[in-house]
Number of protein chains: 2
Amino acid sequence: MIVALAGGVGGAKMANGLEMASQAPITVVVNTADDFELFGLRICPDLDTVMYTLSGLANPVTGWGIEGDTRVTLDAIERYLGPGWFMVGDQDVGTHIVRTDALRTGHVLSAITAMMTEALGVRSSILPMTNDIVETIVVTPDGPLAFQDYFVRRKQQDQVDGIRFKGAGSAAALPDALDAIERAEVIVICPSNPLVSIGPILAIPGYREALKSSVAPRIAVSPIVGGKALKGPADRMMATTGHEVSALGVARMYEGLIDGLVIDDQDRGLAAEIESLGIAVRITDSIMNTIEDRKRLGRDVLDFAATVSR
Amino acid sequence: MIVALAGGVGGAKMANGLEMASQAPITVVVNTADDFELFGLRICPDLDTVMYTLSGLANPVTGWGIEGDTRVTLDAIERYLGPGWFMVGDQDVGTHIVRTDALRTGHVLSAITAMMTEALGVRSSILPMTNDIVETIVVTPDGPLAFQDYFVRRKQQDQVDGIRFKGAGSAAALPDALDAIERAEVIVICPSNPLVSIGPILAIPGYREALKSSVAPRIAVSPIVGGKALKGPADRMMATTGHEVSALGVARMYEGLIDGLVIDDQDRGLAAEIESLGIAVRITDSIMNTIEDRKRLGRDVLDFAATVSR
């Protein structure tokens with residue numbers, strides 16, 4: 001049983017690689033602190049990205065959205081409201097409508113996600129980190145911003161002075177997710193943004209404790225390669241919030257929660273210092289451009305896990 | 001100032017004909033008792049049909065929906081929920097999303113409709129009959145059915161033993177609509193279903209009184225031609241609820257509310273009996289197949305109105 005903690009695109013690719021490498025369904029615990037409402041529709045970007053990726057629907061170019069999706073509905077909406085700032089494809093809108101309606105009629109996000117993934121033929125379990133509302137707030141010189149405001153509307157241009165997860169302290173970790181972590185044979189922290197993708201999961205009471213008490217090897221894959229984020233603003237966010245922007249910085253953020261860290265070939269010079277934190281290191285090509293890359297990295301992670309003891 | 005009372009397709013075509021014939025914006029008071037929720041979206045079929053027709057977006061083949069609209073979102077929804085029974089096009093979904101969100105954030109249907117029609121370049125005023133919820137219930141041998149259940153899902157196969165307008169008695173007629181009727185120079189009851197399109201409007205306190213106290217000529221156009229409904233189940237519904245299925249039957253339903261009735265050439269044999277009710281008659285080709293037909297019928301209605309006195 002493999003359990004992965006994931007955000008969006010990087011997490012989805014890694015989860016897919018772990019599925020392929022293990023040739024078995026896995027459990028993916030997904031960040032929901034980026035979720036928001038647009039036109040009254042509840043949108044869960046990370047859940048959708050993982051779901052679309054594991055069902056084979058994902059757009060392989062962007063990593064998010066559905067391949068070949070059109071934007072007729074969004075154009076119609078903008079005919080009434082003027083230009084917007086968030087892209088939703090027509091198939092995507094179908095997801096948002098079904099989810100929003102199910103939430104309004106009293107279903108919880110985890111049950112809705114289970115229904116959806118089953119309908120899409122996903123064999124792995126995709127679990128929202130919580131059924132409660134948690135919201136990432138990005139503190140900037142212009143004041144606090146809702147995550148999608150910062151991330152999409154303002155295109156990650158603001159300096160990030162701090163990050164808060166509103167509601168995390170009182171949110172209930174998903175029982176199935178805690179249970180999966182407890183029973184896991186391997187736990188993988190995907191190469192997602194440590195601050196705003198993995199951070200919200202770890203901010204919910206129960207997850208840190210579950211990771212600490214698990215007997216499974218816990219492996220993280222560094223999303224920072226050669227001092228840069230593979231995707232998104234993780235590097236800049238880490239710098240302005242006082243973290244070293246490197247695989248070593250990632251190791252320090254996860255210290256006490258992981259047994260091993262997968263780093264890229266170009267970061268091999270950091271291995272000794274990471275190992276001095278008591279974290280085993282696997283050096284490999286960690287960049288996932290192709291489907292084959294995902295599978296290969298998945299295999300590397302699992303091979304590495306087999307060599308790491310608690 | 002022309003005021004038209006309208007349901008869906010027939011009403012929309014007539015309203016468009018009146019606009020073209022008068023070369024001026026008109027006011028259309030539209031039935032909303034067919035409105036319903038689908039996937040949590042508020043759908044107003046008659047308002048949409050009138051809005052799409054007067055904005056030039058309408059599908060000229062079906063009369064409803066938007067020309068060239070696709071169904072990508074609906075297919076995506078059905079991927080999760082299985083086959084449905086109501087067609088919503090992608091552009092159409094945009095309308096429903098914007099309306100539903102605006103309703104949920106506290107706007108009234110009339111204000112939302114005004115915003116939408118302005119965005120679509122409609123010069124006429126399209127007014128919902130009320131901002132309150134009124135629901136047509138069709139009584140059948142299988143029990144009461146919500147209107148769209150009867151009309152779309154069960155394809156109008158049930159025998160209609162009776163019709164109720166739930167909420168009509170306590171609904172508030174739209175003040176702008178009553179005001180328009182009071183100030184009207186011509187009032188037209190469009191060739192819509194008298195029972196379930198015009199009926200709900202007349203069931204709301206205020207409309208009958210406004211029609212009665214108006215000094216404008218009040219002209220109805222018969223939706224029954226040669227003993228058959230031009231479209232939809234009006235003929236069967238009239239028969240099973242005790243009405244004569246003819247232009248004469250229509251005249252009797254509107255007795256006391258209209259000064260003149262436009263009937264088709266093939267119903268000229270009914271003219272004398274209709275006139276004996278104190279209702280003037282205009283005999284013309286009342287079938288609107290083409291855009292030109294709409295305009296011609298609009299001109300006929302206005303010419304006729306000019307000859308009818310109260």
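All values below were derived from every heavy atom in this structure, side-chain atoms included, with hydrogens, water molecules and symmetry-related copies excluded. Just so it is clear, the structure is predicted and the values come from calculations on it, not from any experiment. Within every chain, numbering begins at 1; the chains are lettered A, B, ... in the order of the sequence lines, protein sequences first and strands thereafter.
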Inset, instruction - Select, from A/Ile97, A/Ile66, A/Thr100, A/Asp101, the one with the greatest count of heavy-atom pairs under 4.5 Å involving chain B. - result: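 Of the options given, most contacts go to A/Asp101.
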| Top residue by heavy-atom pair count (under 4.5 Å) with chain B, among A/Thr70, A/Ile77, A/Asp75? |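 Heavy-atom pairs under 4.5 Å are most numerous for A/Ile77.
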When rounded to the nearest 0.5 Å, the distance separating OG1 of A/Thr117 from CD1 of A/Ile126 is 5.5 Å
Chain A shares the most heavy-atom pairs under 4.5 Å, among B/Leu120, B/Leu74, B/Asp92, B/Asp69, with B/Leu120
Give, as side chain, backbone, both or neither, the part of [X] having an atom under 4.5 angstrom from any heavy atom of chain B.
| X | result |
| --- | --- |
| A/Leu81 | side chain |
| A/Val93 | both |
| A/Met116 | both |
| A/Arg104 | side chain |
| A/Leu103 | neither |

Indicate whether the side chain of [X] and that of [Y] have a donor and an acceptor atom separated by less than 3.5 Å.
| X | Y | result |
| --- | --- | --- |
| B/Thr53 | B/Asn16 | no |
| A/Ser197 | A/Asn31 | no |
| A/Thr290 | A/Asp293 | yes |

* Counting only heavy atoms not in B/Glu37, do more than 12 fall under 6.0 Å of its CD? ->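 Yes - once you tally the heavy atoms of other residues, nucleotides and ligands closer than 6.0 Å, there are more than 12.
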Honestly, the part of B/Leu57 sitting under 4.5 Å from a heavy atom of chain A is side chain
| request: Using non-hydrogen atoms and a 4.5 Å limit, figure out which bit of B/Thr95 sits close to chain A: side chain, backbone, both or neither. | output: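 Both the backbone and the side chain of B/Thr95 come within 4.5 Å of chain A.
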Exercise. A/Tyr150 vs A/Phe147 aromatic rings, parallel, tilted or perpendicular, using cut-offs 30° and 60°?
Worked result: tilted
Candidate pair B/Arg99 and B/Asp48, rule salt bridge (Lys or Arg N to Asp or Glu O under 4.0 Å), full reasoning:
CA-CA 11 Å; B/Arg99 176 190 292 126; B/Asp48 287 347; 2.4 Å; yes
